[in-house]
Structure formats: structure tokens, C-alpha cells
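Because the structure is predicted, anything quoted here is derived from the model rather than measured.
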Amino acid sequence: MGIFSRKGPSGFSPSSTAEEVTEGIDGTGLTAIVTGASSGIGAETSRVLALRGVHVVMAIRNMDAGAKVKEAILEEISNAKIDVMELDLSLLASVRKFAADFNSSGLPLNILINNAGVGASPFKLSQDSIELLFATNHLGHFLLTNLLLETMKSTSRESNIEGRIVNVSSLLHPYGYREGIRFDKINDESGYNRYYNYAQSKLANILHANELTRLLKEEGVEITANSLHPGAIGTNITRHDSFLQCIFSVLGIFFSKTIQQGAATTCFAALHPQVKGVGGVYFSDCNIAKPSSQAKDVDLATRLWDFSLSLTDAK
């Protein structure tokens, strides 16, 4: 296994699984929302959180697929608390409906895991006329987080338990456009590159968590926000890219993680005591990692926040 089994300062390694990094942790009484929970690491994250006693709300686009995942979890964990709610992150109206329904449910919210995403796909505009990768991977999660923040704040105050927001990013975040975020060319089809745009959306995930951390600290709120790279995993996110599918099928056995290993860093950031009080940090393999210089650019993060607000307020 070599480097794959080498443990970092946290005591965990790239080969650690989600069950291993949450062993002995009791999440009873906590409520978490997991987006993109109908397959891949989202489904495994939901399963492991439920295994640790967390009430999991699976926020998904495909309700039939979500029902099957819920059924499978309940077959394994008969006392699991699992709900399935419809959410299409590419549609701002769907995000608003989901948030309104959840906020009116009376449920607390301790953990928000912004996991859903689409891979490097051909150019397409969302129904809100926003480039689909940016709309789904960043903007939908940005709006969702903002709309759920008051519920998270009240939960944290009333329970005296720290809230946690986790953005699933990617190691590919540095490999986009030179300017990082193309604010003036978000919908520019002529200059579109699917790989650069994917990297742009993953950079946005980190910048979002960092700026959110800054704002929450200013407000004195006991909620942290972090981002992470889950690892190279051949999940449904590669469905639009035959090249990546080929790469995973040929080389995956040598460098890719299993889904159980891929969900480990998400579950670590969501539940582990080592992460208490830690915000604005980028994790990889359940350890603190170093993101790109652009990912640490405070001015870029603030500009992205304001830009995202302008897009979501206008739609």
C-alpha cells in the first residue's frame, strides 16, 4: 500500500474509511443535510452518519434513487433516522423551496454537507441562464447555505453544539482559468473549457467556505465552514466524460479510492472532535492540506461572495 497507508498528523491515511474515522463517535441528537446523497460518496456519507446516530436528510434530485438508498440504509441500520427531500441545485427555485420546507419542518440543523456536483460536462445554461457547472457546483450550494444559516445559528445557540458546514471541493481546483473565477465570462460559451470550468467551480467551493468562516467569526457564531478533496473516485460525477471514465477504468486500481475511503474526509470534517473550532481549512485524506494560492486569496473570496449574492438575489 505504501503512501496510501501512510498516516498523517490526524492518525488517518488515504486508505482510511468513513467508518474508521468515525469509530466511537456518537452523533445521536444531531441532524445533518447531505446533498447529492443518492449515489457515490454522498450515499456512503449518509449511511455512516446514520450509523453514528445522526438524523440524516438526504437532499437529492432523483427521488427514486434516493428512496432505494434510504431502503438499503434501513435494511442495514434498522433504527436509522433518514429522510429524503427533493433538491435540484441547478434550479434556484428548487433550492428556495427545499430550504423553505426544511426551515418550516421544525428540525434542527447541526451539519450541512454540500456534496452534490456535476463533472466536466459540455457547455449548457441552467434554467436560470447560468452556466450549469457553476450553477450546480457553487451557486446552488451558496444559496442553500445562506437560506439555512439562521436555522443552523439557532440550533447552535439552543444546543450549545458547534455547527459544521462542509464543502466538497477537489484537488483539481488549481487547474482552471488564470484569473481563477471568470466573473465577466461566467456564461461565455466561446471561451468555455469543461475542465477549466470544473476547476473554477471547485475553487469557488473553497473560497465560499473561507469567506463564510470569516463572516461567521465576525458575528461570533459557533459554526465552522471547511472544504475538502475527497480523493480520486470513479463515481457518477464522471458520467459526462468518456475520457475520465477510460482513465478510471484503466488506472483506477492503482490510484483511486473506494467509495468508503472517498467518504472518509467528509465524515471526518463533519463529526470528528479534532475538527472542533477549526474553520476555513482545506482537508485531504482526513488531514489539513495546502490549497492553491488563489484558494487563499481573501479579496477573491470576498468578490465571489458579492458576485454570488448578486446572481442569487436577481433570480
[X], [atom1] atom: more than 12 neighbouring heavy atoms under 6.0 Å:
X	atom1	value
Lys153	NZ	yes
Glu23	CD	no
Glu179	CD	yes

Can you check whether [X] reaches [Y] side chain to side chain, under 4.5 Å on heavy atoms?
X	Y	answer
Lys68	Lys70	no
His208	Thr145	yes
Met85	Phe98	yes

Euclidean distance, [Y] [atom2] relative to [X] [atom1], rounded to 0.5 Å:
X	Y	atom1	atom2	answer
Leu207	Phe142	CG	CZ	12.0 Å
Leu215	Leu149	CG	CG	9.5 Å
Leu147	Met152	CG	CE	13.5 Å
His173	Ser227	NE2	OG	8.0 Å

Given Leu49, which partner from the list Leu30, Ile25, Val34 fulfils the side chain to side chain contact (heavy atoms under 4.5 Å, CB included) test? Val34
Option from Leu112, Val275, Val278 for which side chain to side chain contact (heavy atoms under 4.5 Å, CB included) with Arg164 holds: Val275
Which ILVMFWY residues can you reach from Tyr177 by hopping between side chains whose heavy atoms are under 4.5 Å apart? Tyr196
With a cutoff of under 4.5 Å between side-chain heavy atoms, which Ile, Leu, Val, Met, Phe, Trp and Tyr residues group with Leu132? none
Main-chain N/O of Ile181 paired with Arg303 side-chain donor or acceptor, under 3.5 Å: no
Distance-only, no hydrogens or angles: does the Glu162 side chain make a donor-acceptor pair with backbone N or O of Ser156 under 3.5 Å? no
Could you tell me if [Y] and [X] have a donor-acceptor pair between their side chains, going purely by distance under 3.5 Å?
X	Y	value
His138	Ser308	yes
Asn287	Ser10	yes
His272	Thr22	no

Minimal non-hydrogen separation, Asn137 against Ala116, with atom names: OD1-O, 4.5 Å
Option passing side chain to side chain donor-acceptor pair (under 3.5 Å) with Asn167 (candidates Asn205, Asn114, Thr266): Asn114
Pairs involving residues 264-289, ordered by first then second residue, that meet salt bridge (charged side-chain N to carboxylate O under 4.0 Å, His left out) (sequence neighbours left out): Lys257-Asp285
